[in-house]
Amino acid sequence: MNKLKVLLTILMGTLIAFSAQRAYYVKTGELSSIYSDIIFTRLAVESQEYTRQIEYGVKNGKSLENFYNISSVLSGVRRCCSYTNGVYIFSSDRRQLYSLNDGGSPVTRFSVGDFSGGASVYSVYDDSVGGRYVLTLPIFGRGNEVCGYMVLDISRDAVENTLSDISEEYRKQSAALGILCWLTGALMMIHLCKSKEKLFRQGTLVISAAVCMQSALDAAISVFKFSVTIGSIIQQSVSKITMSLQNDLDTVNEKGVALSKIYDLNSWLMENYKDIPFIDNLIYDRNYRITAVISDSYINERTWSYAAALLMMVLLCAGAGLLLTAAVTWIERSVYLFRRNKKNGNNSGAGKTEYAEEGELVPYTNAGK
């Protein structure tokens, strides 16, 4: 392998590494977004048990600013997730009314979504400086008007601890595929790029093929892993949601209320799952054990969204490879034509000089007349 092939092989390795890095950021970004949505939805549903207690009191004449036994409500919310550092109650004009935290930095800023008409269940503010997520849930008063907000201080570890293992798998996968495709490209560079005149063009084709191959293989394996991972994550969240609802139902039964006499049990279940996109239905058997029906359409939608993001990366690599190959081909041809024209020009000039010299050696005479 000559020096030029070595340089092209090094360039190929650099481009493969760059492509793998960009794909890694896309994969982890998409997965983080989807996973955080699932986690926050679960926390919102579990916390709604306590917001409803406040709403019931407010709708029956209690004042949010002087709510009896609010500390037990805040403690219950905090037990929903071990990563909850603090729980706050704010008024509708964003005045802090109650708080329960571990002594860390208090929440002073949070986001408010469009909670009217059930447009959204929660909103999240990503406080990257404080290393936390701030989750906001609405508290509805009389006339279903928002009278306050329940705000949860959630550590970023709630998302990052789970994703760190998956991200490490992505790194190892990208590195292994990158090395494999680079070695394959190096062999192609040795055995296929033999023409000196077309070395740049052939080398560029090999580089483009190796980068696209790494990107495509990485994307295909990642999509398959994602479909398995998201199914497992959703299953865990659904199990916690159904367990929480089952505990509520068992608590009612322990208080002496016969579950068979609860005529609106289906409505209660529907009220709890209607805002959860990854649950199609909640059902119960004759022993009143709750089971959730996971939404396949939600999993498919998220998987296709993830696949589309990676497919865009593959297409960008392919497009860049085609443009680079076309540019190198044009430059190679231009250089070839320039050299050929220059050579022809030199040959033409040399022929004229030779004729003139011969004319001087053989002068014209009229000997034939």
Side-chain angles (χ1 to χ4, degrees), residues 1-36 128 159-160 162-195 198-230 233 300-332:
M1 185 184 291
N2 59 33
K3 293 182 180 180
L4 186 55
K5 286 186 179 181
V6 171
L7 292 175
L8 289 173
T9 304
I10 294 174
L11 175 62
M12 176 173 59
T14 304
L15 292 178
I16 287 176
F18 177 76
S19 173
Q21 182 188 46
R22 298 308 304 169
Y24 171 78
Y25 287 137
V26 171
K27 289 185 292 185
T28 53
E30 286 287 321
L31 185 61
S32 176
S33 174
I34 293 170
Y35 179 68
S36 59
S128 56
V159 175
E160 293 177 357
T162 300
L163 294 181
S164 60
D165 293 337
I166 302 174
S167 298
E168 183 63 24
E169 288 184 13
Y170 280 155
R171 276 193 291 268
K172 293 178 180 178
Q173 172 186 306
S174 297
L177 290 174
I179 293 172
L180 176 63
C181 293
W182 180 76
L183 291 175
T184 303
L187 291 175
M188 294 170 64
M189 191 78 70
I190 294 172
H191 297 291
L192 299 181
C193 302
K194 296 181 178 180
S195 174
K198 300 179 181 179
L199 181 58
F200 277 109
R201 187 191 317 175
Q202 294 173 344
T204 304
L205 279 172
V206 169
I207 291 173
S208 301
V211 173
C212 290
M213 181 168 58
Q214 191 278 337
S215 182
L217 287 175
D218 193 28
I221 296 174
S222 297
V223 169
F224 173 75
K225 282 187 175 181
F226 175 82
S227 64
V228 176
T229 301
I230 191 175
I233 292 173
N300 292 335
E301 178 186 348
R302 287 297 197 173
T303 301
W304 280 113
S305 173
Y306 183 81
L310 295 183
L311 178 61
M312 184 60 66
M313 283 294 302
V314 175
L315 293 177
L316 285 174
C317 289
L322 289 174
L323 288 175
L324 182 60
T325 302
V328 169
T329 301
W330 180 81
I331 292 172
E332 235 180 25

Notebook entry, point to check: Step by step, would you call R171 with E168 a salt bridge (charged side-chain N to carboxylate O under 4.0 Å, His left out)?
Noted result: CA-CA 5 Å; R171 276 193 291 268; E168 183 63 24; 2.6 Å; yes

Next item on the list: Walk me through it: do L31 and L163 pass the test side chain to side chain contact (heavy atoms under 4.5 Å, CB included)?
Entry: CA-CA 8 Å; L31 185 61; L163 294 181; 3.8 Å; yes

Notebook entry, point to check: Of the non-hydrogen atoms in G185 and M12, which two are nearest, and what is the gap between them?
Noted result: C-CE, 3.5 Å

Item checked: Atom of S215, atom of S19 and distance for their closest heavy-atom approach -> CB-OG, 4.1 Å

Checklist line | Considering all heavy atoms, the nearest G178-I16 contact | finding: CA-CG2, 3.7 Å

Notebook entry, point to check: Is the closest side-chain heavy-atom distance between T9 and W182 below 4.5 Å?
Noted result: yes

Item checked: Where M313 and R22 come nearest, the two heavy atoms and their spacing -> CE-CB, 3.5 Å

Checklist line | Check: S32 main-chain N/O paired with S36 side-chain donor or acceptor under 3.5 Å | finding: yes

Margin query: Going by side chain to side chain contact (heavy atoms under 4.5 Å, CB included), name the residues that satisfy it together with L177, two or more places apart in sequence or in a different chain.
Written below: Q173, Q214, L217, D218, I221

Notebook entry, point to check: Do the side chain of T184 and the main chain of L180 share a donor and acceptor less than 3.5 angstrom apart?
Noted result: yes

Notebook entry, point to check: Which value, rounded to the nearest 0.5 Å, describes the distance between S208 atom OG and M213 atom CE?
Noted result: 12.0 Å

Next item on the list: Quick one: pull up CZ in F18 and SG in C317 and give me the separation to the nearest 0.5 Å.
Entry: 9.0 Å

Check: Which value, rounded to the nearest 0.5 Å, describes the distance between T204 atom OG1 and L323 atom CG?
Finding: 12.0 Å

Next item on the list: Measure the CZ-CD1 distance between R302 and I34 for me, rounded to the nearest 0.5 Å.
Entry: 5.0 Å

Item checked: Shortest non-hydrogen separation from A23 to L310 and the atoms involved -> O-CD2, 4.4 Å

Next item on the list: Taking the side chain as every heavy atom from C-beta outward, state whether I207 and L8 have any atom pair closer than 4.5 Å.
Entry: yes

Notebook entry, point to check: Partners of E160 by salt bridge (Lys or Arg N to Asp or Glu O under 4.0 Å), sequence neighbours excluded?
Noted result: R156

Margin query: Could you tell me if the side chain of Y170 sits less than 4.5 Å from the side chain of I166, heavy atoms only?
Written below: yes

Checklist line | T229 (side chain) donor-acceptor with K225 (main chain) under 3.5 angstrom | finding: yes

Checklist line | Spacing of M312 atom CE and L316 atom CG [to the nearest 0.5 Å] | finding: 6.5 Å

Item checked: Any side-chain heavy-atom pair of Y306 and S227 under 4.5 Å -> no

Notebook entry, point to check: Any idea which heavy atoms bring F226 and T303 closest together, and the distance?
Noted result: CE2-CA, 3.5 Å

